[in-house]
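A quick write-up on the structure given underneath.
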Amino acid sequence: MLLSRQNKFKRAYPIFKELSSEDPEHYYYKVWRDHTQLSIYNWIFKAFSYLGLGLILLDLVFDLDEKLAFDPGIIGLVISTLSFLTQKGFTNYFNKKKKITGN
């Protein structure tokens, strides 16, 4: 739990995975495993969101759509939206998995 609270999810995940395989009936081991697994990927989603927002801001400040053959603002909006929806999809998947299995 301390590793997870310190945001060291890559180190905490194998421990929770092993604990949940040793005691599959323990509710919190599975919850903690799923939480750490999702948290491992959250940095990727945040990075893409910031990249998309950066493209939008660059387009607004420098009018890049007039200088380039494509519109960076639209591409940034698409990247940010897809990142947000994918992150929400993972979160909903783990929540539904938790409700279905009861773990």
| message | Let's go through Asn42 and Phe45 carefully: what are the C-alpha distance in whole Å and the side-chain angles of both, what is the deciding distance for side chain to side chain contact (heavy atoms under 4.5 Å, CB included) to 0.1 Å, and is it a yes or a no? | response | CA-CA 5 Å; Asn42 272 343; Phe45 300 128; 3.9 Å; yes
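Aromatic ring pairs are classed by plane angle as parallel below 30°, tilted from 30° to 60° and perpendicular above 60°; the pair His26 and Tyr29 is parallel. Between His35 and Phe9, the angle of the ring planes goes over 60°, which puts this pair in the perpendicular group of the 30/60° scheme.
Annotation: the span from Thr36 atom OG1 to Tyr41 atom OH amounts to 10.5 Å, rounded to 0.5 Å. How far CG of Leu58 is from CG of Leu53: 11.0 Å, rounded to the nearest 0.5 Å. Between the OG atom in Ser21 and the NZ atom in Lys30 there is a gap of 10.5 Å [rounded to 0.5 Å]. Distance check: Leu3 CG to Phe16 CZ gives 7.5 Å after rounding to the nearest 0.5 Å. Distance CD/Glu66 to CG/Asp71: 10.0 Å, rounded to 0.5 Å. Between the OH atom of Tyr93 and the CG atom of Asp34 there is a distance of 8.5 Å, given to the nearest 0.5 Å.
Asp59 contributes a side-chain N or O that, together with a main-chain N or O of Asp65, makes up a donor-acceptor pair within less than 3.5 Å. At distances below 3.5 Å, at least one donor-acceptor pair connects side-chain atoms of Thr91 with backbone N or O atoms of Gln87. Counting only distance, with no hydrogens or angles, the side chain of Thr81 and the backbone of Val78 share no donor-acceptor pair below 3.5 Å.
Applying the side chain to side chain donor-acceptor pair (under 3.5 Å) test to Ser4 and every residue at least two apart in sequence or in another chain returns nothing. Residues that satisfy the side chain to side chain donor-acceptor pair (under 3.5 Å) test with Ser20, not counting sequence neighbours, are Arg33.
With a 6.0 Å radius and a threshold of 12 heavy atoms from other residues, nucleotides or ligands, Leu68 has its CG atom above the threshold.
Linking ILVMFWY side-chain heavy atoms closer than 4.5 Å, directly or via other members, places Phe84 and Tyr50 in two distinct hydrophobic clusters. Phe48 and Ile56 fall into different hydrophobic clusters, where Ile, Leu, Val, Met, Phe, Trp and Tyr residues are linked whenever their side-chain heavy atoms come under 4.5 Å apart, directly or through other members. Residues Phe90 and Ile44 share a single hydrophobic cluster, defined by chaining ILVMFWY side chains whose heavy atoms lie under 4.5 Å apart. Placement of Leu60 and Phe70 in two distinct hydrophobic clusters is found when ILVMFWY residues are connected by side-chain heavy-atom separations under 4.5 Å, directly or transitively. Leu77 and Ile75 end up in different hydrophobic clusters when Ile, Leu, Val, Met, Phe, Trp and Tyr side chains are linked at under 4.5 Å.
Contact detail for Ser49 and Ser80: the closest heavy-atom pair is O-OG, 3.3 Å.
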